[in-house]
Structure formats: C-alpha cells, structure tokens
Visitor: 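Following this message is one structure expressed as structure tokens.
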Amino acid sequence: MRFHSPTDGTPLEENAAGELVTAAGEAFPVLAGVPVLVPAPDAFLAQHRESTLAALAEYDRVTPAVRERLHAAARRAPGLAPERFARDWAPPDAALGVAPAGSLAERLRALVGAARAAPDLLAEPGPAGARVLEVGPGAGDRARTLARGAARYIALDRSLPALLRTGAEVPGATLVLAEATALPLADASVDLAVAANVVDLLDHPFAFLEELARVLSPGGELRLSTPDPGLGTGDDGALAALLEATEAFEGPALADGIVWPRVHGPRELQLAVLQRLVVRRRA
C-alpha cells in the first residue's frame with residue numbers, strides 16, 4: 001500500500017534504509033513493519049522511546065535496527081519528557097469478580113453480559129472487496145469482523161500497543177501509526193471508515209471529519225460512535241451538525257442509548273451510553 005506524507009500529502013516511497021520518504025527528502029521511519037507517519041516523527045519517538053521498546057518486546061519485535069532508530073530519534077530530539085502510550089482496554093474475557101447473589105455487583109455483571117451479547121453495530125463487515133480503515137482499533141475487538149471479505153484492512157492509531165494488539169488479531173492487517181487529523185492516505189482510498197469512541201477525544205474533531213471525507217471514496221460509508229455526541233458542548237446534536245457542516249456526507253442514520261461496558265479489572269467497571277452515527281460520502 002502506498003502512503004502519503006502527513007505534513008504535505010505527497011506520496012511516499014521506500015528508500016534503501018527502509019524508511020518512507022517524499023521526493024523532497026522528508027523521511028518517516030518504519031519500526032518492525034509499522035510506519036510512523038506523524039509530523040515530527042523523531043520527536044514522537046524520542047518521547048515514547050521506552051514504551052515503544054516495551055510494546056515491541058511484548059510481541060518479540062525488537063531488533064538492533066529498531067533500537068538504533070530509537071536512539072537516533074533521541075539524539076535528534078533531545079530533552080523531551082518521556083511519555084507512555086495509552087493502553088485503555090481490558091482483555092476481551094475480563095469480567096467482574098465474584099460477588100454475593102443479589103448484590104449490586106451481581107446486577108452489574110448481568111448488565112455487562114447483556115451489553116456484550118448485543119451486536120456491535122460498528123463491526124458489521126463492509127461490502128466484499130472493500131478497503132476498510134479503522135481509526136482507534138483499541139484491543140482489536142472488531143478487527144477480524146471488519147477485515148472479513150475486505151480487500152484491505154487498515155488499522156490506524158497513535159498508540160503502538162493498540163496497533164500491535166490489532167495486528168495479532170488480524171495478521172494480514174496494514175498497521176500505521178498516525179494522527180487522526182492527518183491521515184497519511186490518498187484521496188478516495190478507502191470504502192469504509194470506522195471510528196469507535198475517537199471523535200470526542202480529539203482537540204479538532206472537525207478536522208478529523210474532513211480528513212475522513214477526503215479519504216473515503218464516493219458512496220463510501222463512515223461509522224462513528226461516541227459517549228459524548230455533544231463533543232463537550234452539552235448539545236447532543238453537535239457531532240451530527242459537524243458532519244453536516246463538512247458538506248461531504250449524506251445522513252446520518254442515528255442510534256442512541258447503546259450501553260458500552262469497559263471492564264478495567266475485577267472490581268473496576270465503567271459504563272457509558274453511546275450514540276452511533278452512520279453517514280455516506282456523497283457520490
């Protein structure tokens with residue numbers, strides 16, 4: 001697959017060092033098969049060097065070349081405070097601990113079980129042969145379903161652990177570390193885009209929607225969900241209004257009141273109520 005620069009949109013080619021470069025010489029590293037297509041990649045890797053190594057080590061993907069590339073990033077961008085990649089998911093089989101019958105924990109367990117048994121409205125496979133993009137795949141829970149019958153499944157996230165976890169679920173997935181508001185993909189290069197609970201986390205959600213409109217093919221489908229359709233405004237129609245403001249989408253079809261359980265440990269549970277929106281790129 002051909003990627004494009006996240007800074008100026010020009011096509012990238014692989015050089016002799018295994019990096020992706022523009023015709024003007026802008027270079028982006030590829031770590032253990034994962035292209036790092038963020039603006040200022042050296043600064044990004046310098047900030048996340050230790051957690052990058054830890055994430056790659058978990059999947060036995062640390063090589064001398066990877067270590068040297070991370071050290072080079074630190075030399076080129078010194079003095080940055082270390083940060084860790086977010087890992088905000090639990091294993092798919094996580095559950096609440098045992099509690100006496102009739103307790104609140106028992107009732108919560110039943111609610112979580114019902115929510116998990118409900119169909120994932122974002123995970124339905126696209127048309128056969130579709131090019132599928134998932135932004136923010138998390139633990140890769142829906143990756144296998146979205147990839148079923150697809151010509152290509154692309155997982156895009158700024159968290160390397162999330163990408164490696166998704167790659168373990170779908171070995172043939174295309175993984176790319178990038179920013180949601182600077183998608184390193186060509187215009188009209190995907191047919192289905194999915195972003196579960198991502199848009200409310202972004203500082204510039206309108207820029208994200210414009211990027212999704214750009215990379216979607218005419219007639220392509222966009223599926224979004226969020227626990228905060230007001231995007232911090234208090235108006236539950238804010239996300240739908242932003243989609244309309246892009247002038248690129250038809251819809252939305254809207255579903256509300258979807259319970260989303262996040263089990264973080266045997267005694268830690270978060271429940272959110274989601275809104276799902278589905279729109280199509282105008283032909």
Side-chain angles (χ1 to χ4, degrees), residues 1-15 19-31 33-48 51-52 55 69 73 76-77 80 83 85-86 131-138 152-164 166-167 173-217 220 222-224 226 231-232 239 242-243 245-249 279 281:
M1 178 179 180
R2 196 172 194 186
F3 293 107
H4 290 240
S5 166
T7 56
D8 63 13
T10 57
L12 297 171
E13 301 285 354
E14 186 174 355
N15 66 10
E19 296 190 318
L20 298 177
V21 298
T22 65
E26 183 184 32
F28 298 90
V30 179
L31 296 183
V34 180
V36 181
L37 302 182
V38 295
D42 281 332
F44 183 90
L45 291 177
Q47 283 183 302
H48 298 283
S51 58
T52 295
R69 186 61 186 84
R76 294 171 187 168
L80 293 173
E83 297 180 12
F85 289 110
R131 300 162 296 175
V132 179
L133 167 67
E134 184 175 14
V135 180
R152 183 181 296 274
Y153 167 80
I154 307 162
L156 184 147
D157 205 299
R158 73 188 310 274
S159 166
L160 185 59
L163 292 173
L164 296 176
T166 300
T174 297
L175 310 177
V176 54
L177 197 156
E179 301 285 357
T181 52
L183 301 176
L185 305 175
D187 296 356
S189 59
V190 300
D191 306 303
L192 170 63
V194 178
N197 313 325
V198 171
V199 66
D200 51 282
L201 302 177
L202 303 174
D203 293 332
H204 304 288
F206 186 67
F208 176 46
L209 299 179
E210 286 192 312
E211 278 289 88
L212 290 170
R214 179 183 65 78
V215 302
L216 271 169
S217 60
L222 168 61
R223 304 174 189 169
L224 299 171
T226 174
L231 303 178
L239 177 55
L242 283 186
L243 285 165
T246 67
E247 301 182 351
F249 295 112
V279 293
R281 182 72 166 83

Visitor: One pair to check against side-chain contact (heavy atoms from CB on, under 4.5 Å): Leu31 and Leu177. What are the steps and the verdict?
Guide: CA-CA 10 Å; Leu31 296 183; Leu177 197 156; over 6 Å; no

Visitor: What's the separation between atom CD in Glu14 and atom CZ in Phe3, rounded to the nearest 0.5 Å?
Guide: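 Going from CD on Glu14 over to CZ on Phe3, the span is 11.5 Å.
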
Visitor: State, to 0.1 Å, how close Gly9 and His4 come at their nearest heavy-atom pair, and which atoms those are.
Guide: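 That closest heavy-atom pairing would be O-ND1, 2.9 Å.
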
Visitor: Between Arg152 and Thr174, what is the shortest heavy-atom contact and its length?
Guide: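 That closest heavy-atom pairing would be NH1-OG1, 2.9 Å.
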
Visitor: List in chain and number order the residues that pass salt bridge (charged side-chain N to carboxylate O under 4.0 Å, His left out) with Glu13, two or more places apart in sequence or in another chain; answer none if no residue qualifies.
Guide: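 Listed in chain order: Arg2.
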
Visitor: Might you point out which heavy atoms bring Arg69 and Pro29 nearest each other, and give the distance in Å?
Guide: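 Heavy-atom minimum between the residues: NE-CB, 3.5 Å.
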
Visitor: Output, in order, the C-alpha distance, side-chain angles, deciding distance and verdict of side-chain contact (heavy atoms from CB on, under 4.5 Å) for Glu26 and Leu20.
Guide: CA-CA 8 Å; Glu26 183 184 32; Leu20 298 177; over 6 Å; no

Visitor: Give me the atom names and distance for the closest heavy-atom approach of Phe249 to Leu212.
Guide: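 Minimum heavy-atom contact is CZ-C, 4.4 Å.
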
Visitor: If you compare all heavy atoms of Ala155 against all heavy atoms of Thr166, which two are closest, and at what distance to 0.1 Å?
Guide: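 Ala155 and Thr166 have their closest heavy atoms at CB-CG2, 3.8 Å.
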
Visitor: Say you draw a straight line from CG of Leu239 to CG of Leu209; how long is it, rounded to the nearest 0.5 Å?
Guide: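 So the gap between those two atoms works out to 6.5 Å.
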
Visitor: Could you grab the distance from atom CG of Leu201 to atom OG1 of Thr226, nearest 0.5 Å is fine?
Guide: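 Going from CG on Leu201 over to OG1 on Thr226, the span is 7.5 Å.
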
Visitor: I need the Arg76 CZ to Asp42 CG distance, nearest 0.5 Å.
Guide: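 With rounding to 0.5 Å, CZ (Arg76) is 5.0 Å from CG (Asp42).
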
Visitor: Table please: side-chain donor-acceptor pairs of residues 178-194 below 3.5 Å, with sequence neighbours left out.
Guide:
from, atom 1, to, atom 2, distance (Å)
Glu179, OE1, Arg158, NE, 3.3
Glu179, OE2, Arg158, NE, 3.3
Glu179, OE2, Arg158, NH2, 3.3
Asp187, OD1, Arg214, NH1, 2.8
Ser189, OG, Ala186, O, 2.7
Asp191, OD1, Arg131, NH2, 2.9
Asp191, OD1, Ser217, OG, 2.9
Asp191, OD2, Arg131, N, 2.8
Asp191, OD2, Arg131, NE, 3.0

Visitor: Out of Pro6, Pro39, Pro35, which residue meets the side-chain contact (heavy atoms from CB on, under 4.5 Å) rule with Phe28?
Guide: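 With Phe28 as partner, Pro6, Pro39, Pro35 yield a single side-chain contact (heavy atoms from CB on, under 4.5 Å), made by Pro6.
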
Visitor: Which residue in the set Thr246, Leu222, Leu224 passes side-chain contact (heavy atoms from CB on, under 4.5 Å) when paired with Val279?
Guide: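 Output: one option passes, namely Leu222.
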
Visitor: The criterion is side-chain contact (heavy atoms from CB on, under 4.5 Å); which residues satisfy it with Ala55, sequence neighbours excluded?
Guide: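 For Ala55, the residues satisfying side-chain contact (heavy atoms from CB on, under 4.5 Å) (neighbours in sequence not counted) are Leu160, Pro161, Leu164.
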
Visitor: Would you kindly say whether Thr10 and Asp8 are connected by a side-chain donor-acceptor distance under 3.5 Å?
Guide: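 There is such a pair (donor and acceptor under 3.5 Å, judged by atom type) between the side chains of Thr10 and Asp8.
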
Visitor: When you compare the side chain of Pro205 with that of Asp200, does any pair of heavy atoms fall below 4.5 Å?
Guide: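 No, every pair of side-chain atoms sits at 4.5 Å or beyond.
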
Visitor: Evaluate the ring planes of His48 and Phe85, with Trp represented by its six-membered ring, and classify them as parallel (under 30°), tilted (30 to 60°) or perpendicular (over 60°).
Guide: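 Rings of His48 and Phe85: parallel, as their planes differ by under 30°.
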
Visitor: Nearest heavy-atom pair of Asp157 and Pro137: which atoms, and what distance?
Guide: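 Nearest pair, atom of Asp157 first, then Pro137: OD2-CD, 3.3 Å.
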
Visitor: Is the shortest heavy-atom distance from the side chain of Val132 to the side chain of Ile154 under 4.5 Å?
Guide: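 Side-chain contact under 4.5 Å: no.
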
